[in-house]
Structures are given as C-alpha cells and as structure tokens.
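Report on one structure; see the data block that follows.
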2 protein chains.
Amino acid sequence: MPEPVTSSRPSPISRPRKVSELVVEHLTDLVERGEWPVGSRIPTEPELVDRLGVGRNTVREAVRALEHAGILEPRRGDGTYVRAASGLDAAIGRRARTADALQVLEVRSVLERGAARAAAGRRDVAALAALRAALEAQEAAARDGDEDSFRAADIAFHAELVRAAGNPLLAELYDGIDHVLVRTLATDAHGRHHRDVPGHREVVDAVAAGDAEGAERAVEATMAAVRAYLLARAAEVDA
Amino acid sequence: MPEPVTSSRPSPISRPRKVSELVVEHLTDLVERGEWPVGSRIPTEPELVDRLGVGRNTVREAVRALEHAGILEPRRGDGTYVRAASGLDAAIGRRARTADALQVLEVRSVLERGAARAAAGRRDVAALAALRAALEAQEAAARDGDEDSFRAADIAFHAELVRAAGNPLLAELYDGIDHVLVRTLATDAHGRHHRDVPGHREVVDAVAAGDAEGAERAVEATMAAVRAYLLARAAEVDA
DNA sequence: GACTATTTGTACGTATGTATG
DNA sequence: CCATACATACGTACAAATAGT
C-alpha cells in the first residue's frame, strides 16, 4: 500500500481540492504565463514528479488532460511539447469544425471588424509599423506570383491587424476561428487565384488615420470575395 | 464478448486512432446532438461499458476528458450529468478569467455589435418577437424594482439579441464571454443600481427597422455604462 | 438518524501492441 | 532483428460519497 496522500506530505500546493486538478491548473498556468513557450519541450515525467511532489500517475493524468484540451502534445520516445498557450484555440476548432463555413466566416468578420475599429482607436505606432510591413510583404508576394507565400502573407496580415487592436483575448479568438476557416478553404481552393490584394491598403490607411468607421468598411470589403466564394461553392454542392 | 469498436476504420486520412479518442468523440457527439440534453444524467459506467463494448477504464478516461473540458460533471454516488453542450464555454471561461475585465468587455462589445448588425440584416420575425418580449420583461422588472430579476432579464435580453443574429457559433462565443463578465461584475456590484434600462429599446427599434449602423451605435451606447463602471473600479483599485 | 443500494473514485495487476535504441 | 520501455486497454477489488428507504 503506497502512502496515502492524506497524511503529512511535502505539499507543493495547498490541499483543499483534488490533487490532479491542482496539477492540471499548475501546468496550465506555466503554459499560459509563457514559462513553457509554445513549441518548447516540457520537463520529463520523473522531473515533474520530483518538482511537484506528486506521483507519476498523477502527472500522467494531468498531462493527458492537457493533451485532450489541445495544450500539450506528447511524442513517444521524445518528450512532451507545448502545442498551444491555451485550450481556447482547440476548443474553437472542435466546435467550429462542424459549423457552417458561412457562419464561421461571419464570426471572423465580426471579430476582425471590431479589431480594426479598436486598432484605429489606438493607433499604436509599433503595431502600425508591423501592419505596414505585413502589407508590403503580401504585395511583394503578389508581384512574385508565389501562391503559397501570398497566402501565408495574407494570413499574417490579418493576424497583425487583429494584434494591432491590443486585445490578446480578441486576437486568440480570431486565431482560433481563422485556423478553422483556413483549413476548410485550403481543402479545395488551391486553384483559386487571390492574386489581387483585396483592399488591405485601404484598411491600413484607415487605421493609421484613426478612422474607425472607414477601417470597418474596408475590412468588410475584404470579406466580400471570400463570402462570394463560399456561396458559390455552396451552390455547386447544392446542384 | 461485446463487439469492440476497433475494427476497420475508413477515416479520411488513415490515422490510427486510439479507442479512447473514439469514445470521447462518441460521447461528445451524443451531447452535441442533444441526445443527452444539458442537465440530464448519462447512463452509468457499467451500462456504457456494456453499450460501447469497451472496458470501464476506457469509459472512465473518456468521461474524465469531457469532465476537464467542462462538458460532463460526475457526482459520486449519484451519476454523471451533462454540464454544457460543448467545451467552448468552459474554455473561454478558463482563458478569460485571467484576462483584464476591460478586454473581456471589449470582446463582448465586438461580438454584440456584430450580432446586432447581423440581426438587423436578417429581421427574423420570430427572433424579433422574442427580443421584444425580453425587452418588455426587463422593463417590467425595472418598474418592480426587483434587482435580481432585472439583472436576469438584462442578461436574457442580450442573449436574445445575439440569438437574433441567427449564428449559433457567434451566440456561443458571446455566452462564454458574457458568463465571465457577469461573474466578475457580480462579485461586488450588488449595490450598483442599474435601474435605468440603458437604451435597449433603441437597439430593438433599429434592428426591427433593418438599420444595421443604428443598431451598432445603439449597442455601443449600451456598453458605455459598464465600461465606465469598470474604469472607475480600476481607478479605485489603483488608488 | 441509520442502514442499504447505487454510483463514481482509486489502486493494482496483467496482457498486448508499438516505438525506440 | 531483438530487447527494452512505454502506452493502451481490460479486469478486479475495495474505498468513498450520495440518494433513498
């Protein structure tokens, strides 16, 4: 019989709640606070056992919980890696994967319009510079005609715009939604040429000018092409 | 021996998946499709073992995964109950609980403005009727001076507005954010009298008229009071 | 209030597959 | 190719908590 946890223990954490839940919380905190950055490898099981003062089974259980949440990703014989900073992205992915693509796009549109408005209200210099850089990278990719890098630059531009709003929670929601949308669009849209930049320059100009309404309108215009494409595809499927 | 679930699996991309993941997915499906409604008690472990043809530990692991996702809630000696239809709400809650309340409010504002715009674009008759009913219920509660029912009616109004957008994903995101905000506001705001309805009637009128811009503006005005309150509280804490 | 049945929680053991070295 | 270690799944026994009698 292994010593029950109820007796005297080194107690790295207080005891009122279940031990496994506390470990889960602790690991989640480490990831969310950036101590274990996304992509990094977390300490081995024995080290966690030693550090937290709990049994190996408890550690394993906690890791598995975070694995299901999409935060950690164990690789056999290698180690356990950080997959995402929070479970929000994975949860959105699971939820939105079964949703209608048009509804997903609408949510993305709502978030991005709001982000553009907030960014115009802030006019953060550094964020604006990054946004301009992203725009120019995309225009360069368009000139080169490189489809892949153009798409990557497009995604990066939108991400930068949302980041310019200065609201990490908003950005995380957007990322989660965007991943789903990119995924569904990527399944069949390799032939579609988004060669023309859809109006990103207008977005940047409006944000830089502090024109919240204009920024929203410009973002809305950006969505039109994607929406039309989704509608056309839905019509095809219907026929 | 009950038939195991492990046999041939024509998955889209041949990915050798674990039985426990299949069970997790199956249970998630049952919940999401409403076969196990929120609040109901799911079959006991032995019955699930019999029904799914897997061992008890496997069932337990799956249940625990959904428990951590915030979907199921096991109670010793009683049973396991359905807590939420998807894990999105819980994930948002975990993520947003540590975020700045002003940022959470901003996200809510973004979602609600977008929902109001979409609702004005749809002008769904049934949804509009429900929205009007919610508004009148809130005004009635305001006349009665019943603080608790007024708050409940306020939450219900916002929820109804978002539902009127006709986008379940958007509504679910909003609910998750709203729960967090209500929670943080409820911690100390019992004395604050939100006696005056903040302009909900204008929102309803704009939505009914199909005036998307007006609906957005009206919603934005609604937020002002809450934002001012949060700012004031932040200033208090700062001092 | 106490007893009993039911149900989940925990612990341990074992067999089998699978990746690593 | 083999050996080791680990992950997975199943089964069993008992503990703990709750509901109902």
Side-chain angles (χ1 to χ4, degrees), chain A residues 1-9 11 13 15-25 27 41-50 52-81 83, chain B residues 1-9 11 13-28 30-31 36 38-84:
Chain A
M1 191 115 55
E3 271 309 306
V5 203
T6 53
S7 56
S8 67
R9 78 244 164 262
S11 175
I13 7 189
R15 176 159 75 97
R17 282 181 296 174
K18 248 199 306 191
V19 182
S20 65
E21 292 237 346
L22 289 173
V23 175
V24 168
E25 240 174 63
L27 299 185
R41 196 177 64 186
I42 74 174
T44 65
E45 273 182 9
E47 191 166 343
L48 288 177
V49 168
D50 186 47
L52 303 174
V54 297
R56 194 179 109 103
N57 246 351
T58 309
V59 170
R60 287 181 48 76
E61 183 184 335
V63 168
R64 191 140 53 172
L66 293 190
E67 179 193 0
H68 276 292
I71 295 178
L72 294 182
E73 179 187 356
R75 296 182 204 160
R76 272 186 267 200
D78 187 358
T80 301
Y81 290 80
R83 197 180 197 180
Chain B
M1 267 353 114
E3 272 308 307
V5 204
T6 58
S7 54
S8 68
R9 186 76 192 164
S11 56
I13 312 172
S14 64
R15 188 162 52 141
R17 296 206 294 175
K18 296 182 292 191
V19 181
S20 67
E21 286 193 0
L22 290 174
V23 175
V24 168
E25 241 176 61
H26 190 243
L27 299 187
T28 309
L30 287 171
V31 172
W36 291 347
V38 175
S40 67
R41 195 178 67 181
I42 75 174
T44 66
E45 281 179 0
E47 191 166 341
L48 288 177
V49 167
D50 186 48
R51 236 201 255 181
L52 303 174
V54 297
R56 185 179 173 225
N57 269 341
T58 308
V59 170
R60 286 187 47 74
E61 188 189 341
V63 168
R64 207 152 46 174
L66 293 191
E67 176 193 3
H68 184 262
I71 295 177
L72 293 182
E73 179 187 354
R75 295 181 206 160
R76 268 183 173 178
D78 187 359
T80 300
Y81 291 80
V82 180
R83 197 180 196 181

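In what follows, every heavy atom counts, from backbone to side chain, and hydrogens, waters and symmetry copies are set aside. Chain letters run A, B, ... following the sequence lines, proteins first and then strands; every chain starts at 1.
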Given atom [atom1] of [X] and atom [atom2] of [N], what is their separation to the nearest angstrom?
X       : N      : atom1 : atom2 : result
B/Lys18 : D/dC10 : NZ    : C1'   : 16 Å
B/Leu22 : D/dC10 : CG    : P     : 11 Å
B/Arg41 : D/dG20 : CZ    : C1'   : 12 Å
B/Arg56 : C/dA11 : CZ    : P     : 13 Å

Testing the basics here: between B/Gly70 and B/Arg83, what is the closest heavy-atom pair and its distance to 0.1 Å?
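Shortest heavy-atom separation between B/Gly70 and B/Arg83 comes out as O-CB, 3.7 Å.
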It should be established whether [X] places a side-chain nitrogen or oxygen under 4.0 Å from OP1 or OP2 of nucleotide [N].
X       : N     : result
B/Ser20 : D/dA9 : yes
A/Arg64 : D/dT8 : yes
B/Arg60 : C/dT8 : no
B/Thr58 : D/dT8 : no

Nearest-0.5 Å distance, [atom1] of residue [X] to [atom2] of residue [Y]:
X       : Y       : atom1 : atom2 : answer
A/Leu72 : A/Arg41 : CG    : CZ    : 13.5 Å
B/Glu45 : B/Asp50 : CD    : CG    : 13.5 Å
A/Glu67 : A/Ile71 : CD    : CD1   : 11.5 Å
B/Glu61 : A/Arg64 : CD    : CZ    : 4.0 Å
B/Thr80 : B/Leu66 : OG1   : CG    : 10.5 Å

Closest approach to the side chain of B/Val54, judged atom by atom: which nucleotide of D/dA9, D/dC10, C/dT7 is it?
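Looking only at side-chain atoms, B/Val54 lies closest to D/dC10.
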Nucleic acid contacts - residues 71-78 of chain B versus DNA chain D, non-hydrogen atoms under 4.0 Å:
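Output list: B/Arg76, B/Gly77.
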DNA chain C: 5'-proximal contact among B/Pro46 and B/Asn57 (nearest heavy atom)
B/Pro46
